[in-house]
Trainee: 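Let me give you the structure first, and then I'll get to my questions.
Protein chains get the first letters and strands the later ones, always in sequence-line order, with residue 1 at the start of each. Hydrogens, waters and symmetry mates are skipped; everything else that's a heavy atom, side chains included, is used.
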Amino acid sequence: MSAAILAGLTGAALVGLGLYGLLTDPHPLRKILAFNILGSGVFLLFGIIARKGAAAGFAADPVPQAMVITGIVVAFSATALAVTLLLRLFQETRRATLEPDAPAKTPDAGVDG
Amino acid sequence: MSVIQALDIGLALLVLAVAGWTIAAREAFASVVGYVAYGLLLSLVWVRLFAVDVALTEAAIGSGVTGVLLISAVVRLRKTEAPAAAERPGVVLRALAAALCTVVAAALAAVVLLMPDPGATLAPEAGQHLGELGVGNPITAVLIAYRSFDTMLEKVVLILAVIGVWSLASDGNWGGVAGPRRGARPEGALAFLAQLLPPLGIVVAIHIVWVGANEPGGAFQGGAILAAMALIVLMARLTEAPEIRRRWLRLALIAGPAVFLVVGIAGFAIPGSFLAYPAGWAKPLILLIEAFMTLSIAATLPMLVIGPPDRPPS
Amino acid sequence: MNVAIDIFTIVAISAGAVFFMAGTVGLLRFPDSFTRLHALTKADNLGLGLIVLGLLPQASGLLGALKLVAVWVLVQLAGATVAQLIAHALRRKGPPT
Amino acid sequence: MLAMALALATTGGGYLLVLAVIVPVIGMLLSLVVGGRHAERIAFALMPAGLGLALAIAIEVWVTGQPLVYILGGWPPPLGIALRADGFSAVMLVTAALVIAAAGYFARGGFATPPGVAEKRAPLAFWTLLQGLWAALAVVFLGGDLFNLYVALELLTFAAVPLVCLDGRPETLAAALRYLLFALFGSVLYLLGAALLYGTYGTLDIVLLADRTAAEPLVAPAVGFAAGLMTAGLLAKTALFPLHLWLPPAHANAPPPASAVLSALVVKASFFLIVRLWFDVMPGLASAAVTTLLAALGAAAILFGSVLALRQARLKLLIAYSTVAQIGYLFLMFPLAIGGHPWSAEAWSGGVMQTLSHAFAKAAMFLAAGVVYEQLGHDRIAELRGIGRAMPMAIFAFGLGGLSLMGLPPSGGFAAKWLLMQASVESGQWAWAVVMLVGGLLAGGYVYRVVAPALDRATVALKAPASRRREAVALALALGAVLLGFAPPEFFDLLQIGRPVAMAALR
């Protein structure tokens, strides 16, 4: 079994694990963690595709590898925005839940925000 | 089975075990610690896939900077774990979710295994133009030349994320020092490290950006190391974070995409195409863009980690 | 000559691995956090030191050797700092458990 | 083959596509650096430029009768990235420019930096994010590469989510976080599909992919799986039933100009990519089962969204649920417009028309609701009696928008639903026509719930003086939705330019 096939299987399993965490864990921070694991599984699949594209003296196809670098940076900024939102939500409500308790309680503040 | 193969399998199992721990751990803190270890192990997998550039990015950003962000968040959110645990779906739902995820993972594994090997590739095309670009690292060529539009937009994504994070400040604190108010000065050991490490880190970062043209490395990896240095200095409270209203901070944030755009628009005039480099000028222009991208990334990442300002401007 | 260098490398790295092993066993078996910390830092110190020492003769040129030493020094610094911080945090929390 | 060669080289006027993307990017970067009240000024200075560029692109596409292409950096696909504009992209760009300009004009004052203050949080965030969102939409409508489109989707998410919670109330924060998680989930599935496509074909360029999928008689399992993953991810972002849960709280709680842009444009961006995927990239894979499933979900969305809209107590939530329903109509075009049937062109025009007219109508309705809220201090439907006198233009705008949602003439919504219904009758797929009729009746119900009491002869106590300017903005958008109903035949010719089946017939 080559490293690439092994990495492909690992990537697929990571996607499954991340998906499970995203679906079942109620805590937003754990959902964010699961999203990151899901994402890294997807990146690994790019990695195996790059490895299978070894040609012309390169050990791997650089195009998908470059896409992964872009993807990692985007995933980080997504994590940062989500974590900051979550911390702010906690600061306001002392809770961290996505269930909108009473969305109709105070309607929006119009455009004067 | 060779030793290398056994090591590969061991590494894969370890990665999966730590990922499973991250998902299943009872306490969120343990889960975050697991995630940081997971990121480091994953970088080893990337090395095994002949993707050293990705391994560096994963270790620096995916594991390192993300780890700092998550650990500081999990400590502040400790009180919310028990109420959230009560919302956990029942066994039946979880079993259903597990079944669904298993099916997806199995299908994905099958699809990936069935893909042709050697598969479709752009490696020959990517390699063909390295000479005219004057760079030896094909990944740098993809990021700063062939698909430079992606890279430029991705930096805009980072800036929008900073604006999004800042927008979560309260009105009165707008313009103030970025990040939460910190308590007492931490112990001497951290301050010692924060004085010793940055000079070394800056040298390493510049080295990584510089060699990035020909070897693994580049703006993202180097910028992430600089960002880590900034974060250590901030954590040791050797200096305050800048106020977000500062013009120089904002210039540093946008420098990368701005230089990218200027070079790109100049391309309209000289080689005749947006984002194209004039013959013979590719290498210096790529280095120029990389330098400013590094600066912008080094400014952006700490802003995303430390969060919105928590006190009014002075 | 080459054989002697290779044997030196193998011996040094094996010794380093033993220290890492011991450190891991200590992490798992020691009774409280302070002693666990002690076990871990020793493994970092000596284990990594021996491995780097073993790899030095195999390094490609002076720059490679310097990088290896830099890795060791950086891990030392980070390890020592983190151990300090953890120990302080533990002391704030109360007596060792 | 001719079409292939055309799609891989820069065409005349192609530079307009680059400008359409970088003008808002430059505006966003400048606004952040200069800061303060200049952010608003820069946004306003660039809006006419953006609209002009969008119109220039539309005219260029219309005159040449061919899609515009720009090869970025001189690196042709598969290695490089191309920007392309066909008829659909061009009209979406114009619509985006108009709706964003209207929302911006509406937001003036509300998001102004007061005199004596160097910079305020909400205004700076609003004007920079609005320009970021605009840039993201331009890339979505013009991008020719699936990974580039992934970056565009992320740009869109990062610009849209903070807009939802600009006022910082807890329920908006929860809504924004939920929106963000759904959107990220959608992006990651999309990216996974893109990875599988790259692994199979070695390119992510839409035209090259279309050529390669068409050339292969048998599709690899990876391709089918990729299409499923990408569609599922994009559906989560489009909020098609049953993945709509995030939409009502997010759209109903955002500040009105943001709600208008989110409902009118942002959900359409991911819909646009679903259309690209199934019509351009892999039309061969769009079997009857796939298109029927999409349309069935659309039909369920129409019925479910409309019924829930009928039951809402708050005006903005009603409008948000109406968005859930109207998104459903978009998906009815899939079984009707795919393939080269005589009715396909009608269904395609109908689908595009629905996208455009809903954008104008829904933006008008959210802005009208913003006026109502601003003046009453609430938006409880039960207490709207008599507001028609206090703010006649806003209620008129709401009613005209509603007309378009119901599909009554004269309106763009009527044209859209008429075309879709005609196609469903001609193709013998009667069920969709019935759903559209029922949906129209239900829409009539929820619009009546608001308009009838508003026109009552009662007096209301206003908290704030009426802003005629804002009412006029809402009315102008609603008139846009009506005007679409008078679109000349040439307009429909424009929509057909670059339609994949039409191109295939040309080949």
Trainee: Give me the atom names and distance for the closest heavy-atom approach of B/I139 to A/Q65.
Mentor: CD1-OE1, 3.0 Å
Trainee: Does the A/D61 side chain pair with the main chain of B/L122, one donor and one acceptor, at a distance under 3.5 Å?
Mentor: yes
Trainee: With a 4.5 Å limit on heavy-atom distance, are the side chains of A/K52 and B/P118 in contact?
Mentor: no
Trainee: Can you tell me which portion of B/A24 sits under 4.5 Å from chain A's heavy atoms? Options are side chain, backbone, both or neither.
Mentor: backbone
Trainee: I'd like to verify something: which residue of B/G307, B/A141, B/A51 has the highest number of heavy-atom pairs under 4.5 Å with chain A?
Mentor: B/A51
Trainee: Under 4.5 Å between any side-chain heavy atoms of A/F58 and B/F50, yes or no?
Mentor: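 In short, these two side chains do not touch, never coming nearer than 4.5 Å.
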Trainee: For the atom pair CZ (A/R30) and CZ (B/R88), what is the distance rounded to the nearest 0.5 Å?
Mentor: 7.5 Å
Trainee: Where the side chain of B/K79 meets the backbone of A/R94, is there a donor-acceptor pair that is under 3.5 Å apart?
Mentor: no
Trainee: Considering only heavy atoms and a distance below 4.5 Å, find which of B/T300, B/V112, B/V165, B/D53 pairs most often with chain A.
Mentor: B/V165
Trainee: Report which part of B/A120 has an atom under 4.5 Å of a heavy atom belonging to chain A: side chain, backbone, both, or neither.
Mentor: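 For B/A120, the backbone is the part near chain A, not the side chain.
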Trainee: What distance do A/L81 atom CG and B/L158 atom CG have between them, rounded to the nearest 0.5 Å?
Mentor: 11.5 Å
Trainee: Do you know which of B/A98, B/S167, B/G39, B/G34 has the most heavy-atom pairs with chain A at a distance under 4.5 angstrom?
Mentor: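 Of the candidates given, the most pairs with chain A belong to B/A98.
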Trainee: Can you confirm whether A/T79 sits close enough to B/L304 that some side-chain heavy atom of one is under 4.5 Å from a side-chain heavy atom of the other?
Mentor: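 A/T79 does not reach B/L304 side chain to side chain.
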Trainee: Can you tell me how far CG of B/L41 sits from OG1 of A/T10, rounded to the nearest 0.5 angstrom?
Mentor: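 Result: 11.5 Å between the selected atoms.
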Trainee: Using atom types as modelled and distance alone, determine if a side-chain donor or acceptor of A/R88 lies under 3.5 Å from a backbone N or O of B/L168.
Mentor: yes
Trainee: Which atom names give the shortest non-hydrogen contact between B/I23 and A/G18, and what distance separates them?
Mentor: CD1-CA, 4.4 Å
Trainee: Please enumerate all residues that pass side-chain contact (heavy atoms from CB on, under 4.5 Å) together with B/D150, with sequence neighbours excluded.
Mentor: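 Here the qualifying residues are B/R147, D/I81, D/F147, D/N148, D/V151.
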Trainee: Identify which part of B/T102 has an atom lying under 4.5 Å from any heavy atom of chain A, answering side chain, backbone, both or neither.
Mentor: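 B/T102 has no heavy atom closer than 4.5 Å to chain A.
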Trainee: What part of B/L301 gets closer than 4.5 Å to chain A, counting heavy atoms only: side chain, backbone, both or neither?
Mentor: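 Contact with chain A is through both the backbone and side chain of B/L301.
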Trainee: Under a 4.5 Å cutoff for heavy-atom pairs, which residue among B/A110, B/A25, B/S72, B/A106 has the most contacts with chain A?
Mentor: B/A25
Trainee: Given the options B/A12, B/A161, B/P138, B/A109, which has more heavy-atom pairs under 4.5 Å with chain A than any of the others?
Mentor: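 The answer is B/P138.
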Trainee: Applying the side chain to side chain contact (heavy atoms under 4.5 Å, CB included) criterion to B/C101, which one of A/V15, A/L38, A/L19, A/L22 satisfies it?
Mentor: A/L19
Trainee: Can you tell which part of B/Q221 gets under 4.5 Å to a heavy atom of chain A, answering side chain, backbone, both or neither?
Mentor: side chain
Trainee: How far does OG1 of B/T151 sit from CD1 of A/I69, to the nearest 0.5 angstrom?
Mentor: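 One gets 9.5 Å once the value is rounded to the nearest 0.5 Å.
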Trainee: Using non-hydrogen atoms only, which part of B/V162 is less than 4.5 Å away from chain A: side chain, backbone, both, or neither?
Mentor: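 Answer is neither: B/V162 stays 4.5 Å or more from chain A.
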Trainee: Minimum heavy-atom separation for A/R51 and B/L49, please, with both atom names.
Mentor: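 Looks like CD-O, 3.8 Å.
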Trainee: Tell me the closest heavy-atom pair linking B/G62 and A/I72, and the distance in Å.
Mentor: N-CG2, 4.0 Å
Trainee: Can you tell me how far the CG atom of B/L16 sits from the CG atom of A/L17, to the nearest 0.5 Å?
Mentor: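 Result: 7.0 Å between the selected atoms.
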Trainee: I need the minimum non-hydrogen distance between B/D310 and A/Q91, along with the two atoms involved.
Mentor: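 For B/D310 versus A/Q91, the nearest heavy atoms are OD1-NE2, 4.4 Å.
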Trainee: Checking B/V65 against chain A: side chain, backbone, both or neither under 4.5 Å from a heavy atom?
Mentor: both
Trainee: Looking only at heavy atoms and a cut-off of under 4.5 Å, which of B/K155, B/R94, B/R48 has the most pairs with chain A?
Mentor: B/R94
Trainee: Just how far is it from atom CD of A/E92 to atom OG of B/S170, taken to the nearest 0.5 Å?
Mentor: 8.5 Å
Trainee: Listing request: all ring pair (Phe, Tyr, Trp, His ring centres under 6.0 Å) pairs with a residue in residues 141-168 of chain B, at least two apart in sequence or in separate chains.
Mentor: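 Every ring pair (Phe, Tyr, Trp, His ring centres under 6.0 Å) pair that includes a residue of residues 141-168 of chain B, provided the two are not neighbours, is B/Y146-D/W75.
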Trainee: For B/A224, is it the side chain, the backbone, both, or neither that has a heavy atom closer than 4.5 Å to a heavy atom of chain A?
Mentor: neither
Trainee: When only pairs under 4.5 Å are counted, which of A/A13, A/A50, A/G53, A/P64 shares the most heavy-atom pairs with chain B?
Mentor: A/G53
Trainee: Tell me, out of A/V83, A/V73, A/L85, who's got the most heavy-atom pairs with chain B below 4.5 Å.
Mentor: A/V73
Trainee: Would B/V305 and A/F76 count as a side-chain contact (heavy atoms from CB on, under 4.5 Å) here? Give the steps.
Mentor: CA-CA 10 Å; B/V305 172; A/F76 165 73; 3.8 Å; yes
Trainee: Where on A/A34 is there a heavy atom nearer than 4.5 Å to chain B: the side chain, the backbone, both, or neither?
Mentor: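 Both parts, heavy atoms under 4.5 Å.
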Trainee: For B/P89, run the side chain to side chain contact (heavy atoms under 4.5 Å, CB included) check against A/T24, A/D25, A/L23 and tell me which one passes.
Mentor: A/T24
Trainee: Check each atom of A/Y20 against the heavy atoms of chain B and say whether the ones under 4.5 Å are side chain, backbone, both or neither.
Mentor: both
Trainee: Identify the residue among B/V54, B/V15, B/L42 that makes a side chain to side chain contact (heavy atoms under 4.5 Å, CB included) with A/L44.
Mentor: B/L42
Trainee: Can you see which heavy atom on A/I37 is nearest to which on B/A19, and at what distance?
Mentor: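 Here A/I37 and B/A19 meet closest at CD1-O, 3.9 Å.
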Trainee: Given a strict heavy-atom distance threshold of 4.5 Å, which part of B/V32 is in contact with chain A: side chain, backbone, both, or neither?
Mentor: both
